[in-house]
**Q** 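Before I ask anything, here is the structure I am working with.
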Amino acid sequence: MKNKTILITGSSGFIGNFFLENALNKNFKIIDVLRFKNKNNKNLNKLRKKFKSSYKSIYYKDVDEIEKQLKNKRIDFFINFATFYKSSHSHREIVKFINSNILFPSIILDLIFSKVKKVINFGSMMQHLDGNNYKPKNFYSSTKSAFEMILSFYSLINKKTKFYNLKLYESFAKIDKRKKLIPTLIKNFKSNKKTTILSSKLELNIVHIDDIIKAIYIILNNNIKNGTYCLKSNKNIGIKKLISKINYNSKKKIKVKYLNKRISKVKKTKIKLLPNWRADKNIQNKIMEEFLK
């Protein structure tokens with residue numbers, strides 16, 4: 001697999017950025033497609049200097065510019081990490097959701113689908129409110145499902161390329177600047193601030209970033225059947241129990257305020273786990289370490 005070329009979108013995002021650095025260290029060649037505004041991204045520029053021969057970027061202001069820069073490029077795999085996420089939306093944001101989650105990856109896919117061996121697309125279990133069928137939680141998840149329908153079209157007209165959808169509930173890494181609950185709890189804990197949580201009954205299914213990257217390599221390195229797979233932990237983490245356990249073992253306490261909001265439980269799913277993949281059973285301990293170190 002060394003010297004294979006992977007085209008990726010979303011390299012400035014959470015999962016995409018972790019994978020980018022990991023893949024470069026494993027001697028993959030990476031081409032990423034970035035909006036022109038990312039030309040000054042400090043983290044990406046550091047990697048570009050470190051991996052001068054193996055990391056190249058395509059910058060664009062308009063999607064029409066992508067074709068010229070992708071022409072004649074040899075690409076073995078395409079991974080779509082790109083996403084614009086918000087839990088709710090206004091009508092002014094609809095174009096941004098569609099551009100990021102549907103239009104942008106669709107144009108890239110149309111330009112390269114006939115010459116790549118495998119396509120991996122990242123989705124969310126928010127697309128499946130009942131755990132199985134396409135029942136979107138919000139506008140974001142509906143656009144992710146729309147792109148999957150486009151992927152299914154390309155899979156029908158090109159039998160030589162394998163297409164995969166990977167679905168997640170929640171993800172975790174030590175370095176995480178997202179406005180998600182766990183990184184917010186860690187940030188507020190360190191600054192001695194109170195965190196408001198929707199409900200004391202909240203449970204999350206969390207997968208470590210290392211396990212997500214491991215799943216990608218399983219697909220790239222093995223003859224895995226086309227399809228949709230779920231990356232999930234065997235057990236959900238009860239947030240109130242987690243906080244109580246940390247507070248019991250720490251001199252400094254996590255400050256929280258629980259609201260009494262109605263929340264949806266994590267539904268069991270019939271979407272299969274990726275073959276040869278299992279989530280880290282110690283994910284809760286790894287989260288606790290960030291509070292107790």
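The structure presented is a predicted model; accordingly, all values stated were derived computationally and were not measured. Each residue takes its place number in the sequence, starting with 1.
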**Q** Run the salt-bridge test on K235 and E203 with the 4.0 Å N-O cut-off and return the result as yes or no.
**A** no

**Q** Answer yes or no: is there a donor N or O on one side and an acceptor on the other, between the side chain of N133 and the main chain of K135, under 3.5 Å?
**A** no

**Q** Parallel under 30°, tilted from 30 to 60°, perpendicular over 60°: which one fits the rings of F291 and F189?
**A** perpendicular

**Q** Are the side chain of K253 and the backbone N or O of N247 linked by a donor-acceptor pair below 3.5 Å?
**A** yes

**Q** Could you go step by step and tell me if K193 and K255 meet the side-chain contact (heavy atoms from CB on, under 4.5 Å) rule?
**A** CA-CA 7 Å; K193 292 181 180 178; K255 296 179 180 180; over 6 Å; no

**Q** Within the supplied structure, the quantity of interest is the number of heavy atoms (other residues, nucleotides, ligands) at a distance under 6.0 Å from I175 CD1; does it exceed 12?
**A** no

**Q** Could D76 and K117 be called an ion pair, given the rule that one side-chain N must be under 4.0 Å from one carboxylate O?
**A** yes

**Q** Using the rule that Ile, Leu, Val, Met, Phe, Trp and Tyr join whenever any side-chain heavy atoms are under 4.5 Å apart, tell me whether I246 and I283 fall into a single cluster.
**A** yes

**Q** Do you know the tightest heavy-atom contact between K261 and S199?
**A** O-CB, 3.6 Å

**Q** For the residue pair I239 and V256, establish whether any side-chain heavy-atom pair is separated by less than 4.5 Å.
**A** no

**Q** Is a side-chain N or O of N222 found less than 3.5 angstrom from the main chain of I218, in a donor-acceptor match?
**A** yes

**Q** Tell me whether T161 contacts the main-chain N or O of V116 through its side chain, where contact means a donor paired with an acceptor under 3.5 Å.
**A** yes

**Q** Same cluster for I15 and Y169 if Ile/Leu/Val/Met/Phe/Trp/Tyr side chains link at under 4.5 Å?
**A** no

**Q** Heavy atoms, side chains only, cut-off 4.5 Å: are V119 and F77 in contact?
**A** no

**Q** If only atom types and distance count, is the side chain of D32 paired as donor or acceptor with the main-chain N or O of I8 below 3.5 Å?
**A** no

**Q** Mind checking whether Y217 and F19 have parallel, tilted or perpendicular rings, split at 30° and 60°?
**A** tilted

**Q** L7, V63: one ILVMFWY side-chain cluster at the under-4.5 Å cut-off?
**A** yes

**Q** Pick from H208, K214, K286: which one makes a side-chain hydrogen bond (donor to acceptor under 3.5 Å, both in side chains) with D280?
**A** K286

**Q** Donor-acceptor check, side chain of N41 to backbone of L44, threshold 3.5 angstrom: yes or no?
**A** yes

**Q** Answer yes or no: is there a donor N or O on one side and an acceptor on the other, between the side chain of E21 and the main chain of N17, under 3.5 Å?
**A** no

**Q** Would you say N80 and I120 make side-chain contact, with heavy atoms under 4.5 Å?
**A** no

**Q** In the structure I gave you, are the side-chain heavy atoms of K232 and L273 within less than 4.5 Å of one another anywhere?
**A** yes

**Q** Should the heavy atoms of other residues, nucleotides or ligands under 6.0 Å from NZ of K252 be counted, would the total exceed 12?
**A** yes

**Q** Can you check whether S141's main-chain N or O pairs, donor with acceptor, with N138's side chain at less than 3.5 Å?
**A** yes

**Q** Going by the side-chain hydrogen bond (donor to acceptor under 3.5 Å, both in side chains) test, name the single residue among K179, R178, K180 that passes it with D176.
**A** R178

**Q** Apply the test side chain to side chain donor-acceptor pair (under 3.5 Å) to residues R278 and S233: give CA-CA distance (whole Å), side-chain angles for both, the deciding distance (0.1 Å), then the verdict.
**A** CA-CA 8 Å; R278 291 293 181 274; S233 295; over 6 Å; no

**Q** Could you tell me whether the side chain of V207 reaches within less than 4.5 Å of the side chain of F172, counting heavy atoms only?
**A** no

**Q** Provide the closest heavy-atom pair for L34 versus S11 in the form atom of the first, atom of the second, distance.
**A** CD2-OG, 3.3 Å

**Q** Would L242 end up clustered with L259 when hydrophobic side chains under 4.5 Å apart are linked, directly or stepwise?
**A** yes

**Q** For N132 and K267, does a side-chain donor sit closer than 3.5 Å to a side-chain acceptor?
**A** no

**Q** Are F36 and F104 connected in a single hydrophobic cluster, I mean Ile/Leu/Val/Met/Phe/Trp/Tyr linked by side-chain heavy atoms less than 4.5 Å apart?
**A** no

**Q** Quick one: does V266's side chain get under 4.5 Å of L204's, heavy atoms only?
**A** no

**Q** Is it the case that the side chains of E148 and Y134 hold a donor-acceptor pair, with the cut-off being a distance below 3.5 Å and no angle test?
**A** yes

**Q** Considering only heavy atoms from C-beta outward, does the side chain of T9 approach that of I108 to under 4.5 Å?
**A** yes

**Q** Would you say S57 and R48 make side-chain contact, with heavy atoms under 4.5 Å?
**A** yes

**Q** Within a radius of less than 6.0 Å around CD of E65, do more than 12 heavy atoms belonging to other residues, nucleotides or ligands occur?
**A** yes

**Q** Using only atom types and a distance under 3.5 Å, with no angle test, would you say the side chain of N45 pairs donor to acceptor with the backbone of K39?
**A** yes

**Q** Check F81 against G10 and note the closest heavy-atom contact, atom names and distance.
**A** CB-O, 4.0 Å

**Q** Would the distance check show the side chain of K115 and the main-chain N or O of K73 forming a donor-acceptor pair, the cut-off being under 3.5 Å?
**A** yes

**Q** For the residue pair N158 and F163, what are the closest heavy atoms and their distance?
**A** O-CE1, 4.1 Å

**Q** Can a donor-acceptor pair be found between the side chains of Y85 and N101 at a distance below 3.5 Å?
**A** no

